[in-house]
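Inspection log for the structure reproduced underneath, given as structure tokens.
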Amino acid sequence: MDKIYDLIIIGAGPAGLTAGLYAGRSRLDTLLIERGPDGGQIAITDEIENYPGGLSGPEKIESGAELIARMTAQVAHFGVERLSADVTRVELEGPVKRVHTREGVRESKAVIIASGAHPRPIGCPGEADLVGRGVSYCATCDGSFFEDLEVYVIGGGDTAVEEAMYLTKFARKVTIVHRRDELRAVQSIRERAFANDKIEFLWDSVVEELHGDDGVLSAMTVKNVKTGELTRLEADEEDGMFGVFVFIGFLPNSELFRDVIDMEYNYILTDEEMRTNVKGVYAAGDIRKKPLRQVVTACSDGAIAAM
Ligand code: NAP
């Protein structure tokens with residue numbers, strides 16, 4: 001291996017892509033590594049209402065996937081090299097950073113960590129076995145499989161409530177199961193959900209167990225957190241199954257960096273120029289400890305980190 005890049009960016013969500021755009025435009029010799037499709041969380045989001053310039057009405061950006069496709073094209077335009085690979089290990093201390101991937105080792109003078117976050121699972125019995133068989137973490141990916149079926153959405157934040165509304169396009173009925181008696185989602189999103197007559201609410205409730213029948217999700221035990229009462233909810237007999245969509249927050253993809261990078265609750269700590277505690281290593285986007293995780297703040301982080 002002889003080449004040493006100026007910069008390696010890990011992750012091609014909005015933060016990594018924006019870092020790529022700024023680095024490429026500044027003529028840094030840059031490698032952008034991503035293990036899956038570009039976009040991270042936003043690529044699986046149906047509506048982008050709050051990205052500046054995204055507009056609403058006929059001129060709106062149609063979806064997260066469309067916004068990401070535009071960012072990807074812009075990064076390519078500025079000559080950033082791409083590698084599709086899983087990063088398995090990093091050596092970040094010292095002037096030359098080494099990033100180990102399943103496609104070999106790459107070296108650089110600086111690294112931007114933009115590896116984002118993944119959906120938090122419920123963590124109850126039955127969940128892992130039923131992923132893709134009734135349990136999902138992505139409404140835009142899986143919503144259409146639940147045409148005219150019943151669906152439960154777990155969580156009470158912006159994501160849960162927005163995705164519940166999206167799921168009403170397909171499902172016969174959508175029940176939001178929330179552990180409190182009040183939504184966390186902002187007022188404007190709440191109001192739209194309350195006005196949607198396909199949406200019902202199951203308050204003060206958490207999922208205790210998911211049950212499969214013939215390998216598909218057919219029942220669920222929920223607990224009322226105030227009374228302790230357990231209720232088993234069965235799929236309608238004619239349907240034989242229902243859907244459970246889980247939107248209870250995200251966990252940072254930061255395991256690879258835990259030994260050397262300073263973190264709080266597994267989120268990377270940076271200064272306002274996105275520097276971590278290790279010289280030449282920066283972090284951007286959802287993996288960072290920050291007050292607001294949105295596309296616009298991820299892009300902002302990426303730009304600052306690259307500069
Ligand atoms: P969030 O705001 O952290 O909400 C997570 C929800 O899941 C909360 O209602 C929480 O309940 C519940 N929850 C957490 N752990 C749970 C558990 N173990 N069991 C059951 N319920 C659990 O996450 P988010 O909705 O994904 O949003 C993340 C960020 O993105 C937020 O800053 C949000 O504003 C932003 N966002 C914005 C938009 C938009 O502006 N259009 C859309 C999507 C997301 P409690 O309420 O009781 O804590």
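Just follow the structure's listing: the first ligand is 1, and inside any ligand the first atom is 1. What you see is a predicted model; the values in this text were computed from it and never measured.
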Checklist line | Polar atom proximity, Gly157 to ligand 1 (N or O, under 3.5 Å) | finding: yes
Note to self: I need the full list of disulfide bond (SG atoms under 2.5 Å apart) pairs touching residues 130-206, with sequence neighbours left out, sorted by first then second residue.
What the structure shows: Cys138-Cys141
Checklist line | Closest protein heavy atom (residue, atom, distance) for atom 8 (C) of ligand 1 | finding: Arg184 NE, 3.6 Å
Margin query: Consider side-chain hydrogen bond (donor to acceptor under 3.5 Å, both in side chains). Of Glu208, Glu209, Arg232, His211, which one does Thr221 pass it with?
Written below: His211
Notebook entry, point to check: Which value, rounded to the nearest 0.5 Å, describes the distance between Ile8 atom CD1 and Ile33 atom CD1?
Noted result: 5.0 Å
Check: Considering only protein heavy atoms, which is closest to atom 32 (O) of ligand 1, and at what distance to one decimal place?
Finding: Leu292 CD1, 4.4 Å
Checklist line | Backbone of Asn253 reached by a side-chain donor or acceptor of Ser115 within 3.5 Å | finding: yes
Next item on the list: Look at the rings of Tyr166 and Phe170 and say which category their plane angle falls in: under 30° parallel, 30 to 60° tilted, over 60° perpendicular.
Entry: perpendicular
Check: Ser136 and Asp142: side-chain hydrogen bond (donor to acceptor under 3.5 Å, both in side chains), yes or no, with the steps?
Finding: CA-CA 7 Å; Ser136 172; Asp142 300 328; 2.6 Å; yes
Note to self: Can you check atom 35 (C) of ligand 1: any protein non-hydrogen atom closer than 4.0 Å?
What the structure shows: yes
Check: By number and element, which atoms of ligand 1 are closer than 4.0 Å to a non-hydrogen atom of Phe250?
Finding: 26 (O)
Checklist line | Between Tyr22 and Phe78, ring centroids under 6.0 Å | finding: no
Checklist line | Atoms in ligand 1 flagged as close to Gln294, the criterion being non-hydrogen separation under 4.0 Å | finding: 30 (O), 35 (C), 36 (N), 37 (C), 38 (C), 40 (O)
Next item on the list: Would you mind telling me if ligand 1 is within reach of the side chain of Arg179, the backbone, both or neither, using heavy atoms under 4.0 Å?
Entry: side chain
Note to self: If we ignore hydrogens and angles and just use 3.5 Å, is the side chain of Thr159 paired with the main-chain N or O of Phe247 as donor and acceptor?
What the structure shows: no
Next item on the list: From the options Lys290, Glu182, Arg180, Glu163, select the one whose nearest heavy atom is closest to atom 45 (P) of ligand 1.
Entry: Arg180
Check: Is Gly156 close to ligand 1, meaning an N/O of one under 3.5 Å from an N/O of the other?
Finding: yes
Next item on the list: Give the residue, atom name and distance (to 0.1 Å) of the protein heavy atom nearest atom 23 (O) of ligand 1.
Entry: Gly249 CA, 3.8 Å
Check: Considering only the protein, which heavy-atom contact is closest to atom 40 (O) of ligand 1, and what is its distance?
Finding: Asn50 ND2, 2.8 Å
Next item on the list: Give the residue, atom name and distance (to 0.1 Å) of the protein heavy atom nearest atom 33 (C) of ligand 1.
Entry: Asp158 OD2, 3.4 Å
Checklist line | Shortest reach to atom 43 (C) of ligand 1 by a heavy atom, considering only Val296, Thr159, Val161, Val186 | finding: Thr159
Next item on the list: May I ask you to identify the nearest protein heavy atom to atom 7 (O) of ligand 1, giving residue, atom name and distance to one decimal place in Å?
Entry: Ile248 CA, 3.2 Å
Note to self: Among all protein heavy atoms in this structure, tell me which lies nearest to atom 42 (C) of ligand 1, with the distance rounded to 0.1 Å.
What the structure shows: Glu162 OE1, 3.3 Å
Notebook entry, point to check: Angle class for the Trp203/His178 ring planes (parallel below 30°, perpendicular above 60°, tilted otherwise)?
Noted result: perpendicular
Check: Does any N or O in the side chain of Glu127 come within less than 3.5 Å of the main-chain N or O of Ile122, such that one atom is a donor and the other an acceptor?
Finding: yes
Next item on the list: Output the list of atoms in ligand 1 that are nearer than 4.0 Å to some heavy atom of His178, sorted by atom number.
Entry: 9 (O), 11 (O), 45 (P), 46 (O), 47 (O)
Notebook entry, point to check: Would you say Arg98's side chain and Glu91's backbone share a donor-acceptor pair under 3.5 angstrom?
Noted result: no
Notebook entry, point to check: Where is the nearest protein heavy atom to atom 29 (C) of ligand 1: which residue, which atom, and how far?
Noted result: Arg293 O, 4.1 Å
